[in-house]
Amino acid sequence: MNIVEVRNVSKSYRRESLKIPVLENIDLNVPEGEFLALMGPSGSGKTTLLNLIAGIDRPDTGSIKVANDEVTQLSESQLAEWRSNHIGFIFQFYNLIPVLTAYENVELPLLLTKLSRQKREENVKIALNVVGLSDRLEHYPKQLSGGQQQRVAIARAIVTDPTLIVADEPTGDLDKTSATEILTLLERLNQEFKKSIIMVTHDQRAAEKAHTVRNLDKGELV
Amino acid sequence: MKVLKLIFKNAMRHKLRTILTMLGLAVALLAFGLIRTVISSWYAGVEASAQNRLVVRSAVSLIQPLPLAYREQLKKVPGVKAVGSANWVGAYHGDPNNFFANFAVDEIYLEMYPELVVPPEQKEVYLRERNACIVGKKLADRFGWKLDQTVTLTGTIYYGEWEFVIRGIYTGGQPSTDETQFLMHWEYLNEKVREASPGQADNVGWYMLLIDNQTNPAAVSDAVDAMFKNSFAETKTETEGAFQQSFVSMSGAILAAMEAISFVVVFIVLLVLANTMAMTARERMAEYAVLKTLGFRPFHIISLIGGESLLIAMGGFVLGLSLMIYVCNGFATFLTSNLGNFFPVFELKNLTVFLAFLSALLVGLFAALFPAWRAVRMRIADGLHRVG
């Protein structure tokens with residue numbers, strides 16, 4: 001069963017009167033439990049494709065199904081709810097809220113659920129335990145290394161037990177050791193916790209951890 | 001609860017900026033409060049006036065006296081319960097700059113003005129003695145006068161040195177009551193005037209009419225003025241409020257300008273806070289994009305930005321209110337001692353506090369409008385600054 005089905009998707013941006021095509025007639029299937037790496041040079045459209053699959057941008061044409069939901073048909077409000085239920089996000093620059101502790105950052109997505117405070121606490125501690133940061137609950141992002149911040153971001157991505165994890169250059173801002181730790185962690189999430197992952201990366205070593213690698217070039221999958 | 005915590009933490013991210021913005025707001029609200037308090041103290045006489053008291057004065061000018069003989073005729077006007085009279089004496093104590101309101105009044109005056117609260121035993125002695133006087137507490141405090149003390153006034157209308165014994169010190173029955181007046185017996189003044197200048201005697205400055213609560217003041221005013229129409233001393237009758245308003249309206253343009261300035265001050269501070277909030281929101285666009293990515297809705301983003309703006313505005317209000325109370329008390333003491341005749345009542349009104357609160361609230365809301373609109377309209381992908 002496919003967790004993601006992308007059919008004939010095109011996307012372009014407008015810069016003043018100029019129309020800049022980014023993706024053209026993309027078709028992509030991602031089976032459930034897959035760890036897919038999307039590679040390609042800068043400007044090839046890989047982040048755009050990831051954003052479209054994750055429901056934070058809309059295609060010009062085509063259809064995108066994630067976990068049997070037609071993402072392109074959802075309203076903004078429905079999309080927001082859908083994202084909070086189905087997608088876990090990992091960004092290159094971690095994007096943690098600097099005034100919140102590691103615990104509070106991981107708890108953020110759970111504030112949108114109806115879980116009790118006790119249940120939220122339980123889930124946050126499990127997520128932080130999975131990424132190996134049980135002893136850093138009360139630390140603020142600036143008190144953590146880059147690798148640790150990315151692990152907090154991963155904990156935030158998995159705390160809601162999402163259908164799909166999308167990671168945009170998750171090792172792009174990390175040193176070699178930290179990058180290896182993060183990739184090992186993603187691999188573990190995929191293998192041990194059966195999470196489907198789509199990862200955008202420039203890094204060949206990162207791509208090697210994935211089951212499948214797809215290349216994008218000039219807006220087309222090759 | 002978590003949102004409130006995040007709002008508070010966000011506001012404290014740039015402590016210096018937040019504190020300076022709050023201080024700016026506080027100073028602006030202090031200026032707003034002070035200006036409004038000056039305006040309201042200017043109107044204190046109007047506010048303190050009673051609806052059931054009318055003033056009858058010369059139609060020509062307030063300085064033109066009215067005949068004493070009018071008193072009996074006024075008593076016969078339907079709806080009139082009592083008639084009192086007063087003269088402006090225009091005397092000073094010691095230095096001509098020591099100006100204060102001093103009136104020669106008849107015996108019924110204190111009954112017509114129950115808001116001038118005089119202890120009964122003092123009132124009894126005052127009514128018994130010809131050269132007795134009653135002074136307001138603030139006036140007594142200003143000159144350090146005590147009960148039974150003899151004080152000398154120098155006349156400017158009724159020339160000469162006038163000696164009075166203070167037999168009563170009144171306090172205000174209401175916060176807006178003027179406590180800076182000096183009241184003496186009209187009979188005593190009239191006697192002295194008759195001796196020195198007989199032609200000026202047996203006149204009063206104006207009459208006060210106490211009317212039934214059910215009686216229409218306009219009807220009584222018309223009846224009185226019609227009664228003396230085409231006489232040698234025509235009258236102009238109006239409510240006490242209108243009478244006081246005629247003094248205030250002489251400064252109407254200045255007061256209107258001050259009122260406008262008070263709102264300009266609020267507008268300026270709106271721009272200051274709006275600038276702070278715009279900077280704040282611009283710095284956090286990526287964070288708002290992350291929150292939206294995680295599923296936070298527009299109203300969450302609006303709550304965060306609006307809440308922070310309101311928190312700063314309310315912090316400024318609390319600080320401003322504290323300053324307002326402190327400064328107004330200081331001003332009240334200073335003005336009573338130095339300018340008591342212009343500002344007999346200098347009091348921070350509840351309405352002023354409410355308007356300051358409302359201003360802070362509106363400033364907080366309006367300052368958040370544009371940044372919140374931008375954050376809500378922003379595309380997540382743009383906010384994340386990453387388009388591959």
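In what follows, every chain begins at residue 1, and chains take the letters A, B, ... in the order their sequences are listed.
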**Residue pair A:Phe89, B:Val290: steps toward the side-chain contact (heavy atoms from CB on, under 4.5 Å) verdict** = CA-CA 9 Å; A:Phe89 293 89; B:Val290 171; over 6 Å; no

**Item:** Neighbour count >12 (heavy atoms, 6.0 Å) for atom CD, A:Gln118
**Value:** no

**Request:** Might you work through the side-chain contact (heavy atoms from CB on, under 4.5 Å) test for B:Glu287 and A:Val99, ending with a clear yes or no?
**Result:** CA-CA 11 Å; B:Glu287 287 172 32; A:Val99 290; 5.9 Å; no

**Prompt:** Is it true that atom CZ of B:Phe267 has more than 12 heavy atoms of other residues, nucleotides or ligands lying nearer than 6.0 Å?
**Reply:** no

**B:Lys9, NZ: over 12 other non-hydrogen atoms inside 6.0 angstrom** = yes

**Request:** List the atom of B:Lys292, the atom of A:Arg83, and the distance in Å for their closest heavy-atom pair.
**Result:** O-NH2, 2.8 Å

**Prompt:** With only heavy atoms counted, which part of A:Leu111 is less than 4.5 Å from chain B, the side chain, the backbone, both or neither?
**Reply:** side chain

**Request:** Count the heavy-atom pairs under 4.5 Å between each of A:Asn85, A:Leu108, A:Ile87 and chain B, then report the option with the highest count.
**Result:** A:Leu108

**Message:** Counting only non-hydrogen atoms closer than 4.5 Å, does A:Leu112 touch chain B with its backbone (N, CA, C, O), its side chain (CB onward), both, or neither?
**Reply:** side chain

**Prompt:** Closest approach of B:Gly295 and A:Ser84, non-hydrogen atoms and distance?
**Reply:** CA-CB, 4.0 Å

**Request:** Measure distances from A:Glu104 to the heavy atoms of chain B and classify the residue's part below 4.5 Å as side chain, backbone, both or neither.
**Result:** side chain

**Request:** Please step through side-chain contact (heavy atoms from CB on, under 4.5 Å) for the pair A:Ile97 and B:Leu6, ending with a clear verdict.
**Result:** CA-CA 10 Å; A:Ile97 307 294; B:Leu6 186 54; 4.1 Å; yes

**Request:** For atom CZ of B:Phe8, decide whether the heavy atoms of other residues, nucleotides or ligands shown that lie under 6.0 angstrom number more than 12.
**Result:** no

**Prompt:** With chain A, which of B:Leu294, B:Thr293, B:Leu291 has the greatest number of heavy-atom pairs at distances under 4.5 Å?
**Reply:** B:Thr293

**Request:** Mark yes when over 12 heavy atoms from residues, nucleotides or ligands other than A:Tyr140 sit less than 6.0 Å from its OH; otherwise mark no.
**Result:** yes

**Message:** How about CG on B:Leu362, more than 12 heavy atoms from neighbouring residues, nucleotides or ligands closer than 6.0 Å, or not?
**Reply:** yes

**Fill in**
Shortest non-hydrogen pair, B:Arg297 vs A:Ala80, comes out as CD-CB, 3.7 Å

**Request:** Quick one: which of A:Gly40, A:Pro98, A:Ser77 has the most heavy-atom pairs under 4.5 Å with chain B, could you say?
**Result:** A:Pro98

**Request:** Please step through side-chain contact (heavy atoms from CB on, under 4.5 Å) for the pair A:Ile56 and B:Leu384, ending with a clear verdict.
**Result:** CA-CA 10 Å; A:Ile56 58 178; B:Leu384 294 173; 4.0 Å; yes

**Request:** Kindly compute the distance separating CG (A:Leu100) from CG (B:Asn10), expressed to the nearest 0.5 Å.
**Result:** 7.5 Å

**Message:** Is A:Asp57 in contact with chain B via its backbone, its side chain, both, or neither, using a 4.5 Å heavy-atom distance?
**Reply:** side chain

